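Please read these numbers as outputs of a predicted model, since none were measured by experiment. For the single chain, residues carry numbers from 1 onward in sequence order.
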Amino acid sequence: MSQLAWLTLVETPGLGPMRGRALVDAAGSVEAAAAGEGLDRVKGIGSNRVATLRAELRKAAARAVRRIEQADRLGLNILTPSEDDWPAMLADLADAPLVLWCWGRLEARDLHAIGIVGSREPTVYGREQAGKFANRLATNGVTVVSGGAYGVDTAAHRGALAATGGRTLVVLGSGCDVAYPAENEQLFAQVADGCGAVLSELPPGTRPRREHFPRRNRIISGLSRGVLVIEAAQRSGALITARVAADDHNRPVFALPGRVDNPMAAGPLVLLRDGARLALSPEDLLDNLGPLPHSTSTAKPSEPELFEPAREPESAPVAPASPDEQRLLDALHAGPQGPDALCDATGLPAAKVQTLLTMLSVRGLITRLPDNTYERRR
């Protein structure tokens, strides 16, 4: 069973994604690799390590069986390169994971995905732009990929979900059953419930750790046809994702410009200086993605053509406001108000008000004014 074999490689200490794939190539199949064949032909595995790794593979096979049972209990799917549901965008990447744990379901249209990444502490402008770009992309049939973190990531996921039929993929630096941040647990459940998938190469129960996030970032890049950076410091995970996309995955990188005196604009401005593509509208991304990678040449004929025709915003149906959204809209009847005044008027916490403002703005129900107040659209 190929799934058991791939999991055996993952559960074996000393076999990371690149060495694991090298072993599969040397052994001729993943089943042979899991049985310990080909170890002596893998570069970097000395003769003194072969016997040790064979013993580790035997022990890992028992752990792999328990992982499959664990996935069944938790309602997770285990995706492997041997199966039809393995993302085609990952097939040719040397650093692709050996397995992906999946809460939810991937679809053929997820082949056309764009990553949106950025600061965990964006400005109001950055949060709004992440939501608006994601919403427009999702309206055009693009799946939005991000990392589920605070700030830009969350705004991107929510913007995609606000589009009719919008899809988004959340790539975690923890196990699929460990919501990080915990406040996004409900968001992740909404994604998994028919609107996309929550993905991780880390097994269930894995807590988030600093070293997990660079690994997570390469998966965001790998799944995406291009990566957009919205507000990021010069030393940030978002820029790591951008560098991996450009240097390792040959994906186009886009950057949203910002004020030169805003520290959160420093990352995108550096990327633009170094050759990233300017993103002033979602159309800048849609028009400059380039051809699909070679790994997608076996895509099924039923997969969609790139991008459904966009609906005009004026004709798009507007979802009814939730009770909290309606409270905020009612508060704006009196005229433009800032976030603090809206907190007082509605009795809602500041974080909730900010999220509602972003979503109502994405859906075209309110407009932010230059003085950072908001008014209802007439």
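- Partners of Ala265 by side chain to side chain contact (heavy atoms under 4.5 Å, CB included), not counting sequence neighbours, listed by chain and number: Asn262, Leu269.
- Shown here are the side-chain hydrogen bond (donor to acceptor under 3.5 Å, both in side chains) partners of Thr8, two or more places apart in sequence or in another chain: there are none.
- In this structure, Ile114 and Val227 have side chains that are not in contact, with every pair of non-hydrogen atoms separated by 4.5 Å or more.
- Between Arg327 and Asp330, none of the side-chain N atoms (NZ, or NE/NH1/NH2) sits under 4.0 Å from a carboxylate O, so this pair counts as no salt bridge.
- For residues 189-209, the set of pairs meeting the side-chain hydrogen bond (donor to acceptor under 3.5 Å, both in side chains) definition, not counting sequence neighbours, comprises Glu201-Arg215, Glu201-Arg218, Arg209-Glu211.
- Shown here is Asp248, whose CG atom has more than 12 heavy atoms of other residues, nucleotides or ligands within 6.0 Å.
- Among pairs with a residue in residues 73-82, those fulfilling side-chain hydrogen bond (donor to acceptor under 3.5 Å, both in side chains) read Trp6-Ser82, Thr80-Glu83, at least two apart in sequence or across chains.
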Going by atom type alone, with no hydrogens or angles, which donor-acceptor pairs under 3.5 Å involve a side-chain atom of residues 252-259 and a protein atom two or more places apart or on another chain?
| residue | atom | partner | partner atom | Å |
| --- | --- | --- | --- | --- |
| Arg259 | NE | Asp261 | OD1 | 3.0 |
| Arg259 | NH2 | Asp261 | OD1 | 3.4 |
| Arg259 | NH2 | Asp261 | OD2 | 2.8 |

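- For the residue pair Leu161 and Cys195, the shortest heavy atom distance occurs at CD2-CB, 3.4 Å.
- Residues Pro87 and Leu106 come closest through the heavy atom pair CG-CD1, 3.7 Å.
- Taking a 4.5 Å side-chain heavy-atom cut-off between Ile, Leu, Val, Met, Phe, Trp and Tyr, the cluster of Met264 contains only that residue.
- Partners of Ala26 by side chain to side chain contact (heavy atoms under 4.5 Å, CB included), not counting sequence neighbours, listed by chain and number: Arg41, Val42.
- Ile116 is listed as a side-chain neighbour of Ile230, based on a closest heavy-atom distance under 4.5 Å.
- Taking both residues in full, the closest heavy atoms of Gly38 and Leu23 are given as C-CD1, 3.7 Å, listed atom of the first, atom of the second, then distance.
- Asn184 and His157 form no side-chain donor-acceptor contact under 3.5 Å, judged by distance and modelled atom types alone.
- The minimum heavy-atom distance linking Val229 with Ala232 is given by the pair CG1-CB, 4.0 Å.
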Self-check item: Residue pair Ile68, Leu7: steps toward the side chain to side chain contact (heavy atoms under 4.5 Å, CB included) verdict
Solution: CA-CA 9 Å; Ile68 293 174; Leu7 279 169; 3.5 Å; yes
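- Ala138 is linked by a side chain to side chain contact (heavy atoms under 4.5 Å, CB included) to Ala160, Ala163, counting only residues two or more places apart in sequence or in another chain.
- Membership of an apolar cluster is not assigned to Val270, as no side-chain contact below 4.5 Å to another ILVMFWY residue is traced.
- Looking at heavy atoms from C-beta onward, Val117 lies out of side-chain contact with Val145 at the 4.5 angstrom threshold.
- The side chain to side chain contact (heavy atoms under 4.5 Å, CB included) test applied to Tyr180 returns Ser174, Pro208, Phe213, not counting sequence neighbours.
- Pairing each heavy atom of Trp101 with each of Leu202, the nearest pair is CD1-O, 3.4 Å.
- Put simply, the side chain of Asp40 does not reach to within 4.5 Å of the side chain of Ser47, judged on heavy atoms.
- The shortest distance between side-chain heavy atoms of Leu90 and Leu223 falls below 4.5 Å.
- Residues in residues 177-187 take part in no salt bridge (Lys or Arg N to Asp or Glu O under 4.0 Å) pair, two or more places apart or across chains.
- Looking only at atom types and distance, the side chain of Glu283 has a donor-acceptor partner in the side chain of Ser281 under 3.5 Å away.
- Arg105 and Glu107 are joined by a salt bridge, as a carboxylate oxygen and a charged side-chain nitrogen come within less than 4.0 angstrom of each other.
- The main-chain N or O of Ser224 is found under 3.5 Å from a side-chain atom of Arg251 such that the two form a donor-acceptor pair.
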Self-check item: From CA spacing to verdict: side chain to side chain contact (heavy atoms under 4.5 Å, CB included), Thr373, Gln337
Solution: CA-CA 5 Å; Thr373 61; Gln337 297 186 58; 5.7 Å; no
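- Of the possible donor and acceptor atoms, one in the side chain of Arg54 sits under 3.5 Å from a partner among the backbone N and O of Gly36.
- Between His249 and Ser221, the shortest heavy-atom distance links the atoms ND1-OG, 2.7 Å.
- Listed by first then second residue, pairs satisfying side-chain hydrogen bond (donor to acceptor under 3.5 Å, both in side chains) with a partner in residues 235-246 read Arg243-Asp274, not counting sequence neighbours.
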